[in-house]
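What you see below is based on every heavy atom in this structure, not just the backbone, and it leaves out hydrogens, waters and symmetry mates.
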Amino acid sequence: VRPARDTMAEDAPADAMEGEVPVPEPKPEPASAGAGYDDPVAAAIATKAALETQNKIDVTALPIRQYLETAVVPILLTGMQALVKERPNNPVEFLAAYLLKNNPQGPSHKP
């Protein structure tokens, strides 16, 4: 007859005391969908850092989601934060004007 196998003792870390139940470490939670910056200075710093990184990568070679997260989302988030603060009568026009005014790539050249 084989003795009963003690799985707790085998699975427990080597430094665990006898009789202690190991407690798993909590896993980090993902950011919520509406997460963003409440502080405009922090948003500007994050946008600048993202744009500097963007300039180092060939964004046209990225998959669609990564392209949008790199090239569009940072400036769009700061524009939407400004939109929420201002609450203009024509939010689409406000956002369009904000994006054109704050275009990180500079003004586009007309042919």
Please check if the side chain of Thr78 supplies one atom and the backbone of Ile75 the other of a donor-acceptor pair under 3.5 Å.
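Yes; judged by distance alone, with no hydrogens or angles, the pair exists.
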Asn102 side-chain N/O to Tyr98 backbone N/O, donor-acceptor pair under 3.5 Å:
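It does hold such a pair.
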Salt bridge (charged side-chain N to carboxylate O under 4.0 Å, His left out) partners of residues 68-81, not counting sequence neighbours, each pair once:
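Checked against salt bridge (charged side-chain N to carboxylate O under 4.0 Å, His left out) - neighbours excluded - the pairs reaching residues 68-81 are Arg65-Glu69.
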Pairs where residues 94-106 contributes a residue and the test salt bridge (charged side-chain N to carboxylate O under 4.0 Å, His left out) is met, not counting sequence neighbours:
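For residues 94-106, and leaving out neighbouring residues, there are no salt bridge (charged side-chain N to carboxylate O under 4.0 Å, His left out) pairs at all.
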Apart from [X] itself, which Ile, Leu, Val, Met, Phe, Trp or Tyr residues share its cluster (side-chain heavy atoms under 4.5 Å, direct or through members)?
X      : answer
Phe94  : Leu83
Val92  : none
Leu100 : none

Within this structure, what is the CG-CG distance for the pair Leu95 and Leu76, rounded to the nearest 0.5 Å?
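If we round to the nearest 0.5 Å, Leu95:CG and Leu76:CG are 6.0 Å apart.
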Taking only residues two or more places apart in sequence or in another chain, which ones pass side chain to side chain contact (heavy atoms under 4.5 Å, CB included) with Ile45?
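Checked Ile45 against side chain to side chain contact (heavy atoms under 4.5 Å, CB included); matches are Val41.
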Quick check: are there more than 12 heavy atoms from other residues, nucleotides or ligands sitting under 6.0 Å from CG of Asn90?
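Yes, CG of Asn90 has more than 12 neighbouring heavy atoms, counting only those of other groups under 6.0 Å.
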